[in-house]
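We number each residue from 1, following the sequence as shown.
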Amino acid sequence: MALITHYSTTARPDRGIIQVYDSDAYIGDDETLQNSRTQVVAGNGYHLYLHSLQPDIPVEIVIRIWDTPQQPPEDAEGVTAVTLEVATGLLVVNQLSYGPAGEVSLPQPGVYGGHVAWKGRQETAAYYGSTIRRAAEEQWTPEQIGSSWGECSAAEQYAFDLWFIRECEPDDDE
């Protein structure tokens with residue numbers, strides 16, 4: 001049960017969404033995007049959507065690749081099982097309007113299974129809401145609002161624990 005790769009980045013959940021996908025599977029999927037709004041994490045096998053309850057405070061994305069299946073963390077607010085085909089071996093973390101927040105090379109191309117666990121989601125959303133209300137009441141400048149995001153004591157995090165399942169199926173045209 002050895003950790004093979006560990007990657008971490010921060011991403012702004014523009015419109016409440018962060019995407020994680022194979023570098024060749026960047027075309028969106030509206031139905032899966034809508035599913036993420038009720039499921040927190042939704043995917044179509046190639047493309048995952050993570051739904052934050054706020055659009056501005058950066059969240060932490062952690063991706064761990066293991067040599068064997070792992071148990072979800074006990075301190076998570078929620079967990080969902082995922083399967084992700086990464087034919088290129090390059091996984092991208094994307095912010096809707098701002099572009100890639102980062103990318104990680106996997107040990108090998110293929111289909112990865114695992115889970116995504118999240119924590120700090122509710123706390124960060126509550127902080128966001130109270131900050132927006134206070135900013136409106138006190139007529140804060142955009143700079144004051146932006147600076148307040150860095151003062152959020154909650155840490156919204158989405159942690160992927162993935163492991164290799166099998167090689168990708170060959171394309172029909174190969």
Side-chain angles (χ1 to χ4, degrees), residues 3-73 75-122 124-125 128 149 154-169 171:
L3 179 64
I4 299 171
T5 300
H6 179 273
Y7 174 77
S8 177
T9 191
T10 57
R12 183 173 171 193
D14 180 40
R15 292 179 251 162
I17 297 295
I18 299 290
Q19 302 168 298
V20 177
Y21 52 80
D22 175 79
S23 64
D24 273 354
Y26 52 85
I27 295 176
D29 177 340
D30 290 338
E31 182 178 344
T32 304
L33 172 62
Q34 289 307 316
N35 289 340
S36 75
R37 299 205 183 274
T38 56
Q39 300 170 7
V40 181
V41 177
N44 63 9
Y46 303 93
H47 200 126
L48 294 172
Y49 293 91
L50 315 175
H51 180 245
S52 174
L53 296 172
Q54 54 81 30
D56 289 313
I57 301 171
V59 303
E60 182 181 21
I61 306 296
V62 176
I63 300 171
R64 294 180 290 252
I65 308 299
W66 299 89
D67 65 348
T68 59
Q70 302 295 301
Q71 292 297 315
D75 64 340
E77 286 175 16
V79 177
T80 192
V82 295
T83 302
L84 195 56
E85 184 168 336
V86 188
T88 64
L90 186 62
L91 201 54
V92 176
V93 176
N94 192 55
Q95 309 160 108
L96 280 182
S97 296
Y98 304 104
E103 55 187 39
V104 59
S105 293
L106 302 181
Q108 67 186 77
V111 178
Y112 287 78
H115 48 76
V116 180
W118 56 91
K119 62 183 177 180
R121 190 170 175 263
Q122 299 292 334
T124 304
Y128 177 82
W149 300 151
E156 185 172 355
Q157 181 191 72
Y158 298 86
F160 289 72
D161 286 301
L162 304 172
W163 45 89
F164 182 81
I165 297 175
R166 62 177 170 78
E167 292 183 7
C168 298
E169 297 291 326
D171 288 338

Using residues 83-92 as the side-chain source, report each donor-acceptor pair under 3.5 Å to any protein atom, sequence neighbours left out, with the distance given to one decimal.
| unit_1 | atom_1 | unit_2 | atom_2 | d |
| --- | --- | --- | --- | --- |
| Thr88 | OG1 | Asp22 | OD1 | 2.7 |
| Thr88 | OG1 | Ser23 | OG | 3.0 |
| Thr88 | OG1 | Leu90 | N | 3.1 |
| Thr88 | OG1 | Leu90 | O | 3.4 |

- Side-chain contact, heavy-atom cut-off 4.5 Å: Val59 with Tyr158? yes
- Item | Heavy-atom pair with the smallest gap, counting every atom of Gly110 and Cys168 | CA-SG, 3.5 Å
- Message: Does any part of the side chain of Val93, heavy atoms only, come nearer than 4.5 Å to the side chain of Glu103, both counted from C-beta?
- Response: no
- Task: Without swapping roles, check the side chain of Gln54 against the backbone of Ile57 for a donor-acceptor pair under 3.5 Å.
- Result: yes
- Starting at OG1 of Thr9, measure out to OH of Tyr7 and round the result to the nearest 0.5 Å. 4.0 Å
- Residues at least two apart in sequence or cross-chain that pass side-chain hydrogen bond (donor to acceptor under 3.5 Å, both in side chains) with Asn94, listed by chain then number, are Gln19
- Close aromatic pair by centroid cut-off 6.0 Å: Trp66 and Phe164: no
- Message: With side chain to side chain contact (heavy atoms under 4.5 Å, CB included) as the criterion, how do Thr68 and Trp163 come out once you've worked through the C-alpha distance, each side chain's angles and the decisive distance to 0.1 Å?
- Response: CA-CA 6 Å; Thr68 59; Trp163 45 89; over 6 Å; no
- Rounding to 0.5 Å, atoms OH (Tyr49) and CD (Gln39) come to a distance of 13.0 Å
- Message: Quick check for you: to the nearest 0.5 Å, what is the distance between Leu50 atom CG and Gln157 atom CD?
- Response: 11.5 Å
- Query: Can you name the nearest heavy-atom pair linking Pro58 to Pro13, along with the distance?
  - Reply: CA-CD, 4.4 Å
- Please say whether more than 12 non-hydrogen atoms of neighbouring residues, nucleotides or ligands are located less than 6.0 Å from OH in Tyr46. no
- Query: So which heavy atom on Leu3 is nearest to which on Ile65, and how close?
  - Reply: CD1-O, 3.5 Å
- With Asp14 via side-chain hydrogen bond (donor to acceptor under 3.5 Å, both in side chains) - residues at least two apart: Ser97
- Quick one: salt bridge (charged side-chain N to carboxylate O under 4.0 Å, His left out) pairs with a partner in residues 155-168, sequence neighbours left out? Arg64-Asp161, Arg166-Glu169
- Spacing of CG belonging to Leu162 relative to CG belonging to Leu106, to within rounding of 0.5 Å: 7.5 Å
- Message: Filter on salt bridge (charged side-chain N to carboxylate O under 4.0 Å, His left out), then keep only pairs touching residues 42-60, sequence neighbours left out; what's left?
- Response: Arg12-Asp56
- Apply the side-chain contact (heavy atoms from CB on, under 4.5 Å) test between Ile61 and each candidate in Thr10, Ile18, Val104; give the one that qualifies. Ile18
- Query: So Ile17 and Ser36, side chain to side chain contact (heavy atoms under 4.5 Å, CB included) or not? Walk me through it.
  - Reply: CA-CA 9 Å; Ile17 297 295; Ser36 75; 3.7 Å; yes
- Message: Is any side-chain heavy atom of Ser52 closer than 4.5 Å to one of Thr124?
- Response: no
- Task: Output every pair passing side chain to side chain donor-acceptor pair (under 3.5 Å) with a member in residues 110-121, not counting sequence neighbours, ordered by first then second residue.
- Result: His51-Arg121, Asp75-Lys119
